[in-house]
Amino acid sequence: PTVADALWKLSLVYEQMGFSDKAKVSAEKLLKIYGDDPLYSERAKKLLATLCFFEPLNFGSPDTAGFFCRRIKRKNP
């Protein structure tokens, strides 16, 4: 799907440019729309997990848009 690929690349561009909020929204949209596609679903989940130290929380089936993030504090070494 070319739209899914474009949305994935847009998420990466936002993340690289330092727009974490936009990257998060874009990745969540990708997950919501293309959550049944294992390739894009995994990519979106991994990006969301890395943005601003978010921890993935699964509610419901992983095939649905039941993926949420909870902000966690980074521990100082």
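Note that the structure is a prediction, hence the values are computed from the model and not measured. For reference, positions follow the sequence shown, starting with 1. Only heavy atoms go into these numbers, but all of them, side chains included; no hydrogens, no water, no symmetry mates.
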Discussion item. Any salt bridge linking Glu28 with Lys32? Criterion: basic side-chain nitrogen under 4.0 Å from a carboxylate oxygen.
Written reply: no

Worksheet item: Hey, what's the ring geometry for Tyr34 with Tyr40, parallel, tilted or perpendicular (30° and 60° as the breaks)?
Response: tilted

Discussion item. Between Leu7 and Ser26, is there a side-chain heavy-atom distance shorter than 4.5 Å?
Written reply: yes

Discussion item. Go through it in stages, so that I can follow the logic: the residues are Ser41 and Asp36, the test is side-chain contact (heavy atoms from CB on, under 4.5 Å), and I'd like the CA-CA distance, side-chain angles, deciding distance and then a yes or no.
Written reply: CA-CA 7 Å; Ser41 176; Asp36 58 341; over 6 Å; no

Worksheet item: If Ile, Leu, Val, Met, Phe, Trp and Tyr residues are connected whenever their side-chain heavy atoms lie under 4.5 Å apart, and connections chain through other members, are Met17 and Val25 in the same group?
Response: no

Fill in: Cluster overlap Leu10 with Leu12, hydrophobic side-chain contacts below 4.5 Å
yes

Discussion item. Going by the rule side-chain contact (heavy atoms from CB on, under 4.5 Å), which residues pair with Lys9 if we only count those two or more places apart in sequence or in a different chain?
Written reply: Asp5

Item to complete: Check step by step if side-chain contact (heavy atoms from CB on, under 4.5 Å) holds for Trp8 and Leu39.
Response: CA-CA 10 Å; Trp8 166 243; Leu39 175 67; over 6 Å; no

Fill in: Nearest-0.5 Å distance that lies between atom CZ in Arg43 and atom CG in Leu47
11.0 Å

Fill in: Approximate separation, where rounding is to 0.5 Å, of Lys29 NZ and Ser11 OG
9.5 Å

